[in-house]
Amino acid sequence: MAHWLMKSEPDVFGIDHLKAEGTTLWDGIRNYQARNFMRTMAIGDRAFFYHSNITPPGIIGLMEVVEVGLPDPSQFDPQSKYFDPASKPEAPRWDCVRLKYLATFAPLLALDRLREEFTPEELAVVRRGNRLSILPVPEACATRLYELLGAPS
DNA sequence: GCCAACGTTGGC
DNA sequence: GCCAACGTTGGC
């Protein structure tokens with residue numbers, strides 16, 4: 001089982017939305033590196049839910065991968081801001097995965113704190129200027145993150 | 001293939 | 001609003 005970190009802006013889709021819905025399709029990813037990470041996800045993997053673009057940013061929850069290799073429906077929807085006219089249903093360009101809510105942590109584990117605990121080499125999210133919305137989390141970091149996060153609230 | 005211009009993410 | 005750190009696009 002691998003670990004991941006997945007960012008979302010809470011104004012758009014936050015941990016409370018996920019908790020209310022139970023599971024969600026993680027769609028709208030339009031970055032090849034992030035897509036390729038999703039393609040290596042397996043059922044049973046876990047992902048730390050990261051709130052971005054808010055004060056303070058940080059890890060707020062935990063999710064589990066429950067479905068993989070799904071074509072992202074928004075790429076075929078002309079009304080969607082993620083519509084991709086170049087993508088064909090017989091050869092979808094963009095994938096997504098389904099994630100299940102597991103836990104919320106309160107207070108969140110803030111980016112400031114993550115910077116005290118991890119180097120940019122260990123945990124990419126603490127690197128200044130990092131724009132990738134999906135990042136792998138090495139197992140050694142995941143173990144320490146569980147210790148730092150403590151019991152879910 | 002090179003590179004400049006431009007766009008996006010996200011912290012601050 | 002600014003800027004860092006890229007990714008993408010398009011001219012050549």
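Order of the sequence lines sets the chain letters (A, B, ...), proteins ahead of strands, with each chain counted from 1.
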Listing time: all N or O pairs from protein to nucleotides 6-8 of chain C that are below 3.5 Å?
| residue | atom | partner | partner atom | Å |
| --- | --- | --- | --- | --- |
| C:dC6 | OP1 | A:R127 | NH2 | 3.1 |
| C:dC6 | O2 | A:R131 | NE | 3.4 |
| C:dC6 | O2 | A:R131 | NH1 | 3.1 |
| C:dC6 | O2 | A:R131 | NH2 | 2.9 |
| C:dG7 | OP1 | A:Q33 | OE1 | 2.9 |
| C:dG7 | O4' | A:R131 | NH2 | 3.0 |

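- By the salt bridge (Lys or Arg N to Asp or Glu O under 4.0 Å) test, A:R113 pairs with A:E116, A:E117, sequence neighbours left out.
- Summarising the hydrophobic clusters (Ile, Leu, Val, Met, Phe, Trp, Tyr; side-chain heavy atoms under 4.5 Å, direct or chained), the residues clustered with A:L25 are A:L70.
- The list of ring pair (Phe, Tyr, Trp, His ring centres under 6.0 Å) pairs with a residue in residues 122-151 of chain A, not counting sequence neighbours, reads A:H3-A:Y146, A:F48-A:Y146.
- Using a distance-only test at 3.5 Å, with no hydrogens or angles considered, a donor-acceptor pair links the side chain of A:D45 to the main chain of A:A2.
- For residues 55-78 of chain A, no pair satisfies ring pair (Phe, Tyr, Trp, His ring centres under 6.0 Å), with sequence neighbours left out.
- A heavy atom lying under 4.0 Å from DNA chain B marks the following residues of residues 108-122 of chain A, by number: A:L111, A:R115.
- For A:F13, the ring pair (Phe, Tyr, Trp, His ring centres under 6.0 Å) test picks out A:H17, with sequence neighbours left out.
- Here A:Y32 sits in one hydrophobic cluster together with A:W94; the rule is ILVMFWY side chains under 4.5 Å apart, joined directly or through other members.
- We find that CE of A:M6 is positioned 16 Å from P of B:dT9, with the value rounded to whole Å.
- The distance between atom CG of A:L132 and atom P of B:dG10, rounded to the nearest whole Å, is 9 Å.
- Residues from residues 46-62 of chain A placing a heavy atom under 4.0 Å of any atom in DNA chain B, listed by number, are A:Y50, A:S52, A:N53, A:P57.
- Taking only side-chain nitrogens and oxygens, A:K7 comes nearer than 4.0 Å to OP1 or OP2 of B:dG10.
- For A:S87, the side chain to side chain donor-acceptor pair (under 3.5 Å) test picks out A:Q75, with sequence neighbours left out.
- The salt bridge (Lys or Arg N to Asp or Glu O under 4.0 Å) test applied to A:D84 returns A:R93, not counting sequence neighbours.
- Here A:R131 pairs with nothing under the salt bridge (Lys or Arg N to Asp or Glu O under 4.0 Å) rule; sequence neighbours left out.
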